[in-house]
Structure formats: C-alpha cells, structure tokens
Engineer: 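My questions all concern the structure below.
Each chain gets a letter, A, B and so on, in the order the sequences are listed, and its residues count up from 1. Source: prediction; values computed, not measured.
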Amino acid sequence: MVTKILCVAEKSSIAKAVAGHLSGGRVETSNTGNTYIKNYKFQFDFGRTWGHCEVCMTSVSGHLSAVDFASEYKNWSHPPPESLFGAPIREFVPEDKSAIAQNIAAQARGAKALFIWTDCDREGEHIGNEVKTEALKGNRRLQVKRAKFSNIERAHILQAARNPIDLDDRQVNAVATRIELDLRIGYAFTRFQTNLLRTLGGPLAEAMISYGSCQFPTLGFVVDRYWRVKNFVPETFWSIKVTQKREGINVVFNWKRNRLFDRATVIILFERCLDAKRAKVTKVTEKGTRRIKPLPLTTVELQKMATKYLRMNSQQAMTVAETLYNKGYISYPRTETDRFDKEMDLKALVQKQIQDNRWGEFANNLMNGGFNQPREGRHDDKAHPPIHPVTYCAPGGLSADEGRLYEFVTRHFLACCSEDAKGAQTDVEIEYGDESFHTHGTIVLERNFLDVYVYQNWTNSTMLPKFTLGEVFEPTEAMITEGKTTAPGYLTEPDLLALMDANGIGTDATMAEHIAKIKERVYVFTRPRGTNAAGGDSQDDAPAAGRGRSGGRAGAVGARGGAGIDEFIPSSLGVALVDGYDQIGLESSLSKPFLRKEMELKMKAICEGRATREDVLQESLRQYKRVFMDCKEGSAVLKSSCRRFVLNGAA
DNA sequence: GCAAGGTC
C-alpha cells in the first residue's frame, strides 16, 4: 500500500504554494468544512525520509485552539479577580475552528506521518503543536515532523520537503507561557479596575476599562508625550547670523555655537565680530554625498509610511494590504524581514511593472542596466520576504486606497532595486572676529531612486557661489537673531509605531490593533495636527532664525508631505489611569513597557533552555500578583486620580 | 464584558 503523508501549513496561501511546488502542477483540489481552506492531493517523492508518497496538503488559519477559565470564574466579582492568577485554565477548539480541526483529524487517519509547514517563528511552532494535537486525535501512531523553510521559492521548498526536522518544544512552551500570562494578567487587572472605577459613577459607571500588557504601555507612550508638551517651558535664545551676497545669491552663514541662552554674552561676541570688520574663509571642502535608497519593506515601515504619506491609519493600511495580498497583487503583508533572499528573482518582478504608465519607464530603465541588488537590513523573521508587488495591477482594478497602497509598495520596491541618489556638497567655513560660521550647498547630480520614490525629496540644488580658501571679505550683513524653543508635538501614528517597535510592544500583525484598541476604549483620541495651537511641530531645536519657521524636517517631507497628519491626545481617563498607577509607585508601573520586555526576555530564556515553562509561570505570576495586591491597596489613589481628571476635569 | 497572538 502506498504511504500517505499529511502536510499542514499555517495559512491557506502557503498550503497552495507548497502544493504547487511539490506536485509539479498535478494536483487534485477539494473543499473542506471551512470556506478558506482546501485540501490538495498529489504524489511526491520525499527521498530518504518516506520515499514516494500520496500527499494531502492542507492548512489551519492561525491558532487552532483558545484558552479560557472554567465557568465558575465567569463572574467579575466572585471569586475576586486575584483568584484568576491561580484558577484552572481550559484549552479548547473554538466553534469557528472546529471544521478545520476535524479536517486534520480525518486526514490523519491512514497517514504514516504528519508533516507540519507552519511559519518558522515561535508562534508558528506553537500552531504546529496545536496541529499535532488534533492530528493525533485522528491517528495515535502518527510520526510527526516539521519543514524548515524561510520563503516559498521552489528550490527552497523542495529542499525543505526532503529534510524534515523536529518540532521545537521549547518554542512551543515559550508561547504557551505567554498565552497563559496574558490571559491571567489581562483578565485580572481588567476586572479589578473596571469594578473599582465603576463605583465613581458618572461616565465611569458603564465603562469597560481593559488592561493588557500591550495596550497599556501604548497608552503610556501617548500620555508621556502629552505631559512633555504640557509641561514644556519655552526658553529664549539668541544667535548670530552672517549674510554675504555674491553672484546674486544670498549666502547665510550659521554660527558654529548655534545658539546661546544668554543675551549679554551674545552681544559681546557679536560686537567683537563687528570690530573685526572682515571675515576670512578658513575652509572650503567639496565632497560627494548621497541620499540612500530605502531598505526592503517591513510591515512596521509600511504602516509608518502609510500613516505619514497616504493619510491612512495603521489599521486601515493593514486592512488594505491584506486585501491586496488576498487578491494576489502583493506578497504577505506581515513581515519583519528587511532583506531579500539572494535566490529571489527580483528582475522578473521588476519586468512585470514595465507596462505601467506611471513607473513603467523607470522599471524599464532598471531592466536595461539600472538594476542594483537591494540593500540588506539586519532583520529576518525566517518566515516571509519583505513586502513587494507579485503581479502587475492596472490602476482601474482597485479601490482608491488599494490603488494608493499598491502604488506605494511598488514604488518602494522599484526604489530598492535602483541606486542611491548622488550629489556634491560644498562646505564653507569662515572666521569673523573670534567666531566661526559655516554654510553648505548641495547639488543633486543623479536622482536615481528619487525619480520613482515620490514620497521623498532632496531639497534641491542650493548652489553656492565661489569662495576661495584664505580670501577675506566684508559681510553684507551681520545680525543678532532671537528665537524661542518650541514644545515637541503630540505623538503621531508613525511616532507611536516607532516607539512600540523599539520597545517590543506588540508584533507586526498586532501593533495597529493595539492602537485601535486604546481609541476604542476612549483612553486616547486623535485629531488633525495643528487643531490646537498648543503643539508646534516635532522639532525643538529650531534654527537660530527667530520664530518664523518654515516647519517640517528637511529632506523627509515628500510630495504629499506630512500635512494633515493626526496627533494622539490622551483622554482624561487615559491620563488618570497612567497617573494613578504611576502614583501607586511601582518600580515598574503598568503603563511602562518594562514588564512586557521582561516577558519577552523570559520567553527567550525558555527557547534557549535557560528556564522552563513552570519556572517562568511561577515567577511571573508571583510578581504580577504582588503588583496586583499593591494596586488593590492603592485603590484609593487610583480612584482619586480618576476623580480629579475624569470627574473634575483637571489637566 | 476582559488579553495577545495567529489568520480570512
């Protein structure tokens, strides 16, 4: 009898792609009880491992199981929330996944082995274990292996198919630990603070005040910036500006000391300049300079750019990206990888874009010798390549948002395959009295990737007139300027995403959800930047040119600029919660990212065999229960903070 | 009613 092998991927698209490669195209497709999932049957020779086999390739759709507390813990008050730190947990297959689980058990019957094709990351390992559990229900004697693959190139998949490895129980345990901790801690604190603050009445009487290890630090970032804006005290500074008109160009020389906060000192130094009458050119340098092309596109970067330039929020951007992915236009949109695998045929992808009338000519130039291998970033999630267009899509076939995001992904990809922009920079330094001043001019020589990447610009060609080393001249004008430091702006969505990313809050797939969550809970709200006069833009190191500032960061603002971007303001409830927990004075307040970081480190320890699941659970639960008890004792502080901000409208 | 992580 012929050997049967059951293969299971993490999502239907991978099952389809792998089945395509292994079958060589001769495949029989059948439906399952789930609309999105199909079974692919074909023949494949696994070589030494199992030889010539009949294969059924199918998939799950992310995690297969869920966790919950037993029904006696349904009530929010009895037993008290702290009992959730030790209450028994049950694991089960939710209703909407039962057809998937049954399909796996059914296909496992009569199979010799289960071959797991989930993503090669921690969550994927855990999902693989969930698949294993279900498959063993259908066939106790199943041999279990997993494929090790990091992209879906044909040769790579064939190689993975013939070299199966074992599931890594450490990674499975690390994820199981995270799941349990998030559940216990999230439910316990959510019930505690909701119950507690309900007693204050008013707008809090009906509110759901959730706590989560990701949503709270996200709120914390917004509140932190809010106070920095609110508490900002402007300071007056003075500077010296020297101007020389030459060849019809007004050349402004900036002071090497930039600015001083003491007026009298600036006046003394300025008078010495005037006494000297003449300035001397002490340095003239000319050098090549470049504007570097972007790194291959990750999810976080896509979200940052979409919130900055396309006027979408991160959640809209992800929804649109998923639609484009499901329609087959772009690659998988959830990835941390910012380097393309060397074996990928990038030119074939560029070729497909030649027909477009917006960037087709640029793509054509890449095909005719302009192609350069993309830069290689340092991140590789070992599961997905950087986001890129996989087929050409004419502008008519998409909604407005889909069209704009597809355009961005494509332009970004073509920019990656192009070359850095090149220019020449001239720096001139002068001495005037005892003071030094400098200026520089740039000429863009080759725009290269900038021609397709319309989101960026290189503030063009500030030509300098000729200055010669050692020459002496009398400046056209010298003056003292006065300015004031300005407050930082409130957080914008790209700022917030960058902070979450840097602090390990959430994943590529969930960061947008956490931001949406704290809006939904009314911990924060957004409004177009500049609605309120209080916030300036995000620079506080204004050039010494006085108050009239042009705004925007040089070079970073493209054709569609950052204009109209939203800023995040905490609600009074958001401010009150963070203030309350900070006041309770825990070394690591719940609103800070440290607790989440610690959890990340502990998961790593489990993966590397330095700790066990039981060690980490025991230690973390003890630690969080102590924090919980501190909060319970500090209830009055939390309540008074909410009274002050929410009910009495402080701040 | 409550988390965060997958995915459609």
Engineer: For the side chain of E322(A), starting at C-beta, report the closest nucleotide among dC2(B), dC8(B), dA4(B).
Structural biologist: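 The listed nucleotide nearest to E322(A)'s side chain is dC8(B).
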
Engineer: Just N and O in the side chain of T35(A): are any of them under 4.0 Å from OP1 or OP2 of dC8(B)?
Structural biologist: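 Answer is no, no contact under 4.0 Å.
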
Engineer: Tell me which nucleotide among dG5(B), dA3(B), dG1(B) gets nearest to the side chain of T190(A).
Structural biologist: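 The closest nucleotide is dA3(B).
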
Engineer: Among Y523(A), F189(A), Y187(A), F628(A), find the residue that satisfies the ring-ring contact (aromatic ring centres under 6.0 Å, His included) test when tested with Y211(A).
Structural biologist: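 Looking at Y523(A), F189(A), Y187(A), F628(A), the match for Y211(A) under the ring-ring contact (aromatic ring centres under 6.0 Å, His included) is F189(A).
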
Engineer: L197(A) CG to dG1(B) P: how many Å, rounded?
Structural biologist: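 Rounded to the whole Å, the gap is 20 Å.
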
Engineer: Tell me which nucleotide among dT7(B), dC2(B), dC8(B) gets nearest to the side chain of D119(A).
Structural biologist: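 My answer, after comparing the listed nucleotides, is dT7(B).
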
Engineer: How is Q215(A) classified with respect to the nucleic acid when contacts are heavy atoms under 4.0 Å: base, sugar-phosphate, or nothing?
Structural biologist: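 Here Q215(A) touches the backbone only, sparing every base.
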
Engineer: Looking at H514(A), I'd like to know whether one of its side-chain N or O atoms comes within less than 4.0 Å of OP1 or OP2 on dA3(B).
Structural biologist: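 False: H514(A) side-chain N/O out of range (4.0 Å or more) of dA3(B) OP1/OP2.
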
Engineer: Considering only dG1(B), dG5(B), dA3(B), which nucleotide approaches the side chain of K517(A) most closely?
Structural biologist: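 Between dG1(B), dG5(B), dA3(B), the one nearest the side chain of K517(A) would be dA3(B).
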
Engineer: Rounded to whole angstrom units, what separation is found between the CZ atom of F69(A) and the P atom of dG1(B)?
Structural biologist: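 Whole-Å distance recorded here is 16 Å.
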
Engineer: Report the nucleotide, chosen from dC2(B), dA4(B), dC8(B), that has the shortest atom-to-atom distance to any side-chain atom of M208(A).
Structural biologist: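 Within the option list, the nearest is dC2(B).
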
Engineer: Round to a whole Å and report the spacing from CD of E180(A) to P of dA4(B).
Structural biologist: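 Taking CD of E180(A) and P of dA4(B), I get 16 Å after rounding.
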
Engineer: So G506(A), base contact, sugar-phosphate only, or nothing? Heavy-atom distance under 4.0 Å.
Structural biologist: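 The answer is sugar-phosphate, as G506(A) gets under 4.0 Å only of primed atoms, P, OP1 or OP2.
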
Engineer: Can you tell me how far CG of L621(A) sits from OG1 of T177(A), rounded to the nearest 0.5 angstrom?
Structural biologist: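 It comes to 10.0 Å.
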
Engineer: Would you mind telling me which of dG1(B), dC8(B), dG5(B) lies closest to the side-chain atoms of T510(A)?
Structural biologist: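 Of the options given, the side chain of T510(A) lies nearest dG5(B).
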
Engineer: Quickly work out the L219(A) CG to dA4(B) P distance and round it to whole Å.
Structural biologist: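 It works out to 12 Å between those atoms.
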
Engineer: How is H126(A) classified with respect to the nucleic acid when contacts are heavy atoms under 4.0 Å: base, sugar-phosphate, or nothing?
Structural biologist: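 H126(A): no heavy atom of the nucleic acid under 4.0 Å.
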
Engineer: When you measure from the centre of the six-membered ring of F216(A), is the NZ or CZ of K592(A) closer than 6.0 Å and no more than 45° off the axis?
Structural biologist: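 Relative to the ring axis of F216(A), which defines the angle, K592(A) lies outside at least one limit.
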
Engineer: Less than 3.5 Å apart, any donor N or O on the side chain of S30(A) or K38(A) sitting next to an acceptor on the other?
Structural biologist: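 Per modelled atom types, S30(A) and K38(A) side chains form no pair under 3.5 Å.
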
Engineer: Applying the side-chain hydrogen bond (donor to acceptor under 3.5 Å, both in side chains) criterion to Q171(A), which one of N173(A), D168(A), D169(A) satisfies it?
Structural biologist: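 Exactly one candidate clears the test, D168(A).
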
Engineer: Any idea which of dA3(B), dG5(B), dT7(B) is nearest the E123(A) side chain?
Structural biologist: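 Output: dG5(B).
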
Engineer: Which part of the nucleic acid does Y211(A) contact within heavy-atom distance under 4.0 Å: base, sugar-phosphate only, or nothing?
Structural biologist: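 Sugar-phosphate contact only.
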
Engineer: In this structure, how many angstroms lie between the C1' atom of dC2(B) and the NZ atom of K74(A), rounded?
Structural biologist: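 Distance, rounded to whole Å: 12 Å.
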
Engineer: Does OP1 or OP2 of dA3(B) have a side-chain N or O of S210(A) closer than 4.0 Å?
Structural biologist: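 True: S210(A) side-chain N/O within range (under 4.0 Å) of dA3(B) OP1/OP2.
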
Engineer: How close or far is atom C1' of dA3(B) from atom CD1 of I518(A), stated in whole angstroms?
Structural biologist: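 Taking atom C1' of dA3(B) as the reference, CD1 of I518(A) is at 15 Å.
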
Engineer: Atom CD1 of I179(A) to atom P of dA3(B): distance rounded to whole Å?
Structural biologist: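 I179(A) atom CD1 is separated from dA3(B) atom P by 15 Å.
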
Engineer: Quick one: does any side-chain atom of N195(A) pair with a main-chain N or O of W76(A) as donor and acceptor, under 3.5 Å?
Structural biologist: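 Pair found, side chain donor or acceptor close to backbone of W76(A).
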
Engineer: Take R334(A) and Y187(A), find for each the nucleotide of DNA chain B with the closest heavy atom, and name the residue whose nucleotide sits nearer the 5' end.
Structural biologist: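 That would be Y187(A).
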
Engineer: Mapping R596(A) and N34(A) to their closest nucleotides on DNA chain B, which lands nearer the 5' end?
Structural biologist: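 Closer to the 5' end of DNA chain B: R596(A).
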
Engineer: Which is true for R178(A) with a 4.0 Å heavy-atom rule: it touches a base, it touches only sugar-phosphate, or it touches nothing?
Structural biologist: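 Since a base atom lies under 4.0 Å of R178(A), the category is base.
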
Engineer: Taking atom types as they are modelled, would you say the side chain of S61(A) forms a donor-acceptor pair with the base of dC8(B) within the 3.5 Å cutoff?
Structural biologist: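 Yes.
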
Engineer: Remember a base hit wins even if backbone is also touched, and classify Y325(A) as base, sugar-phosphate or nothing at under 4.0 Å, heavy atoms.
Structural biologist: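 Contact class for Y325(A): sugar-phosphate only.
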
Engineer: Looking at the side chain of E10(A), which of dA4(B), dG6(B), dC2(B) is the nearest nucleotide?
Structural biologist: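 Of all the options, the side chain of E10(A) is nearest to dG6(B).
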
Engineer: Just call it for Y332(A): base, sugar-phosphate, or nothing, with non-hydrogen atoms closer than 4.0 Å on any strand.
Structural biologist: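 Y332(A): backbone/sugar contact only, no base atoms under 4.0 Å.
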
Engineer: Over how many whole Å does the gap from E130(A) atom CD to dT7(B) atom P extend?
Structural biologist: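 My rounded result for the distance is 12 Å.
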
Engineer: Is it true that the side chains of Q623(A) and E598(A) contain a donor and an acceptor less than 3.5 Å apart?
Structural biologist: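 Present: a donor and an acceptor within the cut-off.
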
